[in-house]
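Following: one structure in structure tokens, then a few remarks.
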2 protein chains.
Amino acid sequence: MQLCSIQNNMRKLRFNHDEMTQQELAKNIGVTRQTIIAIESRKYSPTLELAFKIAGVFQVPLEEIFQYKPEKS
Amino acid sequence: MQLCSIQNNMRKLRFNHDEMTQQELAKNIGVTRQTIIAIESRKYSPTLELAFKIAGVFQVPLEEIFQYKPEKS
DNA sequence: GCATCATGTTAATAATATTTTACATTATGT
DNA sequence: ACATAATGTAAAATATTATTAACATGATGC
């Protein structure tokens with residue numbers, strides 16, 4: 001499956017935050033669990049708005065969660 | 001017209017970077033001028049990938065260009 | 001064994017972002 | 001006056017992201 005160009009460590013952050021589940025994170029930022037799954041598995045990148053919300057939950061700068069990896073030339 | 005929830009200072013940055021035009025910025029990051037116009041006028045938010053590319057052009061952290069302003073309760 | 005919870009997969013639909021094209025406006029230079 | 005460059009506006013078409021729902025798996029506890 002095609003990976004998107006944005007890497008992330010949401011999964012690691014969830015575990016470091018009291019093993020927050022995908023469901024809890026989803027509810028926290030107001031999206032469905034499917035969206036969390038898709039982002040964690042790099043099926044697609046979140047919107048900028050969603051990325052900011054996620055950074056807000058974990059209280060870290062956005063760039064600490066998401067990194068741009070061009071991949072394509 | 002409805003504004004999106006992400007603020008930005010691309011316009012200011014363009015002028016501070018040798019008065020870079022919308023056209024030049026667009027070409028730099030590989031999108032059309034319409035996309036730059038839409039983002040600058042907050043018609044919609046860029047994708048996370050685009051936001052990273054724009055930050056790359058201006059060589060500043062993403063959060064220095066884009067700020068999340070919830071607006072809605 | 002059975003129920004429950006967390007995670008994963010797939011597919012269809014809805015919502016949003018981006019492209020393309022065309023035309024308008026304002027300022028600048030000749 | 002005319003040409004050009006930068007910006008703005010609008011609409012339709014396409015691409016990407018997000019939602020919803022249904023079903024599957026592995027782990028845990030009773």
Side-chain angles (χ1 to χ4, degrees), chain A residues 1-58 62-73, chain B residues 1-58 62-73:
Chain A
M1 192 230 350
Q2 257 287 67
L3 292 188
C4 76
S5 60
I6 305 279
Q7 259 186 219
N8 72 83
N9 32 40
M10 280 168 56
R11 206 170 180 81
K12 203 175 296 176
L13 281 164
R14 277 199 298 114
F15 281 91
N16 292 346
H17 278 248
D18 200 27
E19 305 205 356
M20 178 184 294
T21 68
Q22 293 176 330
Q23 190 65 259
E24 288 171 327
L25 176 55
K27 191 172 179 189
N28 242 313
I29 61 181
V31 299
T32 63
R33 189 170 63 89
Q34 300 314 315
T35 300
I36 303 300
I37 291 174
I39 296 170
E40 283 192 359
S41 64
R42 293 183 61 184
K43 195 172 167 200
Y44 51 69
S45 312
T47 58
L48 188 50
E49 183 172 353
L50 215 46
F52 271 113
K53 283 185 187 167
I54 294 169
V57 168
F58 295 125
L62 192 152
E63 284 162 319
E64 203 169 296
I65 307 185
F66 301 99
Q67 291 96 31
Y68 179 44
K69 300 281 169 179
E71 295 283 353
K72 333 214 152 181
S73 66
Chain B
M1 192 226 355
Q2 258 285 68
L3 293 189
C4 78
S5 59
I6 305 279
Q7 257 187 222
N8 72 82
N9 32 40
M10 280 167 57
R11 205 169 180 82
K12 203 175 298 177
L13 281 164
R14 278 199 298 113
F15 282 91
N16 292 346
H17 278 248
D18 201 26
E19 304 204 358
M20 179 185 294
T21 67
Q22 294 175 330
Q23 190 66 259
E24 289 170 327
L25 176 54
K27 191 173 179 189
N28 243 313
I29 61 180
V31 299
T32 63
R33 189 171 63 91
Q34 299 315 315
T35 300
I36 304 300
I37 291 174
I39 296 170
E40 282 192 359
S41 64
R42 292 182 62 184
K43 196 171 166 200
Y44 51 70
S45 314
T47 57
L48 187 51
E49 183 172 352
L50 215 46
F52 270 113
K53 282 184 187 168
I54 294 169
V57 167
F58 296 125
L62 193 151
E63 284 162 319
E64 204 169 294
I65 307 185
F66 300 99
Q67 290 97 32
Y68 179 44
K69 300 283 168 177
E71 295 285 352
K72 332 212 152 184
S73 64

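Letters A, B, ... are given to chains in the order of the sequence lines, protein chains preceding strands, and every chain is numbered from 1. The analysis underlying the following values was restricted to heavy atoms, covering all of them including side chains, and did not include hydrogens, waters or symmetry mates.
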* **Spacing of B/Ile6 atom CD1 relative to C/dT16 atom P, expressed in whole Å** => 14 Å

* Asked: Is the shortest heavy-atom distance from the side chain of A/His17 to the side chain of A/Phe58 under 4.5 Å?
  -> yes

* Between C/dG8, C/dT20, C/dA17, which one does the side chain of B/Thr47 approach most closely? -> C/dA17

* To do: Please tell me if the side chains of A/Ile29 and A/Thr35 come closer than 4.5 Å, counting only heavy atoms from C-beta onward.
  => no

* Whole angstrom is fine here: how far is it from OH in A/Tyr44 over to C1' in C/dT18? => 18 Å

* For B/Ile36 and C/dT20, what is the distance between atoms CD1 and C1' respectively, to the nearest whole Å? -> 15 Å

* Structure fact -> Between CZ of B/Arg42 and C1' of C/dA17 the distance, given in whole Å, is 16 Å

* To do: Could you tell me from which nucleotide to which nucleotide of DNA chain D, 5' to 3', there is an atom under 4.0 Å from chain A heavy atoms?
  => D/dT17 to D/dA22

* Asked: Rounded to the nearest Å, what distance is computed from the CD1 atom of residue A/Ile39 to the C1' atom of nucleotide C/dT9?
  -> 17 Å

* Less than 4.5 Å apart, any side-chain heavy atom of A/Lys53 and any of A/Asn28? -> no

* Over how many whole Å does the gap from A/Gln34 atom CD to C/dA12 atom P extend? -> 15 Å

* Once you round it to whole Å, what is the distance between P of C/dC5 and CD of A/Glu19? -> 17 Å

* Tell me whether the OP1 or OP2 atom of C/dT7 has a side-chain N or O from A/Arg14 closer than 4.0 Å. => yes

* Asked: Between B/Thr35 and C/dT18, is there a side-chain N or O to OP1/OP2 distance below 4.0 Å?
  -> no

* **B/Glu24 with B/Arg14: basic N within carboxylate O range, under 4.0 Å** => no

* Side chains of A/Leu13 and A/Val57: closer than 4.5 Å at any heavy-atom pair? -> no

* Asked: Does A/Arg33 put a side-chain nitrogen or oxygen below 4.0 Å from OP1 or OP2 of C/dC5?
  -> no

* Heavy atoms under 4.0 Å, any strand shown: does B/Thr32 hit a base, just sugar-phosphate, or nothing? -> base

* **Side chain A/Glu63, main chain B/Leu62, donor-acceptor under 3.5 Å** => yes

* Taking CD1 from A/Ile37 and P from C/dT10, how many angstroms apart are they, rounded to a whole number? -> 12 Å

* Asked: In terms of the angle between their ring planes, are A/Phe52 and B/Tyr68 parallel, tilted or perpendicular, with boundaries placed at 30° and 60°?
  -> parallel

